[in-house]
Structures are given as C-alpha cells and as structure tokens.
Amino acid sequence: MERRAEPAASLLVACALRIERAALRSGGERGAPDGYAVLRTGMGPRAADLAVARALAGPGGDRTAVLATGFCAGLVPGMNPGDLIVAEETRDPRGTVTCDGTALLAEALARAVPGAAVHLGALTGSDHVVRGQERAQLRATGAIAVDMESAATLWTATRDTRHRRGPVAAVRVIVDAPEHELVRIGTVRGGISAFRVLRAVLPAFFDWHRSSLLPRR
C-alpha cells in the first residue's frame with residue numbers, strides 16, 4: 001500500500017542549531033496555531049534547502065507560513081548581542097526573497113521582548129561564518145546582518161511562486177556584531193543575551209501568523 005504524505009505544518013519555524021531549537025521550545029507554546037512545528041534544519045544553506053523542501057512536501061505545503069529564525073551576525077556598528085533583526089528581504093546568490101508582514105512582525109517583537117532593539121533591513125546568506133573585513137564588505141551591499149540558513153530557507157519555501165500562497169519571514173537574534181565578535185572575550189555573555197531573547201519571540205511569531213490569515217484589503 002502506498003504511504004500517504006503527512007500534511008505540512010500550518011506554521012513552520014525553521015532554525016539550524018540544537019541550542020536555537022532549545023531556546024524556542026523553552027519559551028513555551030501558548031497561543032500556538034494548530035499544526036505549528038519547529039524544524040531543526042542543520043547548519044548551512046544546503047541542509048536548510050533539503051530540510052525545508054521535505055517539510056513542505058506534504059499536502060498543504062504551499063499554504064504553510066514559513067519563518068526562519070535563530071542567531072546571526074550583525075553587520076552595522078552599534079549593534080549588540082540580543083538585538084533583533086527583522087528581514088525585509090533575504091538574499092543569496094540565487095536571488096532575493098521579499099518577506100511578508102515585516103512591520104507587523106517588528107511591532108509584535110517589540111511587545112514580546114520589551115527593551116530589545118529591533119532592526120529592519122536586508123538579511124544576507126553565507127555558507128560560512130563571517131568575520132573581519134568580510135563583514136564590512138557585506139555591509140557595503142546594503143545588508144544589515146548575515147546568517148547561513150535564512151536565505152536558503154525562504155528561497156526553498158518560495159521557489160514555486162506559481163502555487164505558493166503561504167507568507168514567509170525571517171527573524172534573527174544577533175549573537176555577535178562588529179564590536180562584539182565571537183572570537184573576543186564576552187562571547188558567553190553575548191550568547192546568553194541572545195538565548196534569552198530567542199526564547200521570548202514565539203508570541204510575536206504567532207501574532208504574525210494570525211495576521212497573515214486576515215483578509216487583505
């Protein structure tokens with residue numbers, strides 16, 4: 001007998017690392033929509049591509065809301081660990097994906113994590129950890145932050161634009177920045193700040209998902 005594919009999630013929150021998934025789960029799931037799921041993709045764009053494609057392959061995958069999240073590197077001087085990045089678009093060598101509902105998402109994050117700085121802008125993808133001069137080069141392209149999976153996640157989620165109806169977004173928490181690189185003393189403190197912020201963001205994700213279901217004027 002042919003095995004039927006499992007239905008896709010209604011809201012898929014994708015992260016790469018075990019610690020990111022732990023932060024999200026420790027924040028609780030009160031208010032989560034039916035069919036909500038956290039997907040740990042593994043590190044790097046190829047792992048994200050494969051994991052997200054599998055997760056969206058089931059019935060209803062074209063209607064799934066997809067939100068990429070986790071930690072990232074800030075590119076703009078003055079950013080600090082624990083700051084939030086709301087992507088207006090994600091970029092990688094394959095192209096650019098425009099995110100949905102960014103203003104509403106930023107407002108929801110400000111409510112969920114009072115006092116945390118929220119930055120809106122372009123989030124660029126990389127296949128390796130970015131340090132030093134490369135950080136400045138990416139900033140020169142107009143990007144405000146970089147990570148390894150968000151662009152791949154959203155590219156995979158939207159590659160069949162003829163049938164895609166679910167919204168997409170990316171929210172990242174800065175774990176290092178130009179004045180707070182991972183190789184420096186203070187990394188642990190920065191990591192703790194980022195973890196605490198990441199565990200508090202789920203209510204904002206659920207608000208964003210609910211708003212995406214409202215009729216558009």
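- In terms of modelled atom types and a separation under 3.5 Å, the side chain of Ser10 and the main chain of Asp34 share a donor-acceptor contact.
- Using a 4.0 Å cut-off between charged side-chain N and carboxylate O, Arg40 and Glu149 make no salt bridge.
- Around atom CZ of Arg94, more than 12 heavy atoms belonging to other residues, nucleotides or ligands sit under 6.0 Å away.
- For the pair Gly82 and Ala116, the tightest heavy-atom approach, listed with the atom from each and the gap, is O-CB, 4.2 Å.
- Shown here for Leu154 and Cys99, the closest heavy-atom pair between the two residues is CD1-SG, 3.7 Å.
- Residues Leu120 and Ile144 form no side-chain contact, since every pair of their non-hydrogen atoms from C-beta on lies 4.5 Å or further apart.
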- Would you sort out whether Leu84 and Val201 count as a side-chain contact (heavy atoms from CB on, under 4.5 Å), showing the intermediate values? CA-CA 10 Å; Leu84 284 154; Val201 297; 4.0 Å; yes

- Derivation and outcome, side-chain contact (heavy atoms from CB on, under 4.5 Å), residues Trp208 and Leu11: CA-CA 10 Å; Trp208 170 80; Leu11 169 60; 4.0 Å; yes

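- Not one N or O on the side chain of Arg139 forms a donor-acceptor pair closer than 3.5 Å with the backbone of Gly74.
- Rounding to the nearest 0.5 angstrom, the gap separating the CG atom in Leu12 from the NE2 atom in His209 is 10.5 Å.
- Residues Glu20 and Thr69 are not in side-chain contact: their nearest non-hydrogen atoms beyond the backbone lie 4.5 Å or more apart.
- The structure places CZ of Arg21 at 13.0 Å from CG of Leu198, a figure rounded to the nearest 0.5 Å.
- Of all non-hydrogen atoms in Asp176 and Arg135, the two that sit nearest each other are OD2-NH2, 3.1 Å.
- Between atom OG1 of residue Thr124 and atom CG of residue Asp92 there is a gap of 7.5 Å, rounded to the nearest 0.5 Å.
- When all heavy atoms of Ala55 and Leu39 are compared, the pair lying nearest together is CB-CD2, 4.0 Å.
- Contact check for Leu104 versus Asp207: no side-chain heavy atoms found under the 4.5 Å cut-off.
- In this structure, Glu107 CD and Leu109 CG are separated by 10.5 Å, a value rounded to the nearest 0.5 Å.
- By the 4.5 Å heavy-atom criterion applied to side chains, Ile174 and Cys72 are counted as neighbours.
- Residues Glu134 and His128 have side chains in contact (heavy-atom distance under 4.5 Å, counting atoms from C-beta outward).
- Taking all atoms of both residues into account, the shortest heavy-atom contact from Arg199 to Ser26 is NH2-O, 3.4 Å.
- Considering only heavy atoms from C-beta on, Leu24 comes within 4.5 Å of Cys15 through its side chain.
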- Item | Pair Met79-Ile85, side-chain contact (heavy atoms from CB on, under 4.5 Å): steps then yes or no | CA-CA 10 Å; Met79 288 180 166; Ile85 300 294; 3.8 Å; yes

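- No side-chain heavy atom of Phe195 sits under 4.5 Å from any side-chain heavy atom of Val175.
- Summarising the geometry of Gly125 relative to Val146, their closest heavy-atom pair is C-CG2, 4.3 Å, with the distance given to 0.1 Å.
- Note that CD of Glu88 is 12.5 Å distant from CG of Asp100, once rounded to the nearest 0.5 Å.
- Here ring pair (Phe, Tyr, Trp, His ring centres under 6.0 Å) pairs that include residues 28-72, with residues two or more places apart or in two chains, are Tyr36-Phe206.
- Side-chain contact check for Arg172 versus Leu123: some heavy-atom pair is nearer than 4.5 Å.
- Proximity of a side-chain donor or acceptor of Asn80 to a complementary backbone N or O of Gly78 within less than 3.5 Å is detected.
- To the nearest 0.5 angstrom, Arg54 atom CZ is 10.5 Å from Asp49 atom CG.
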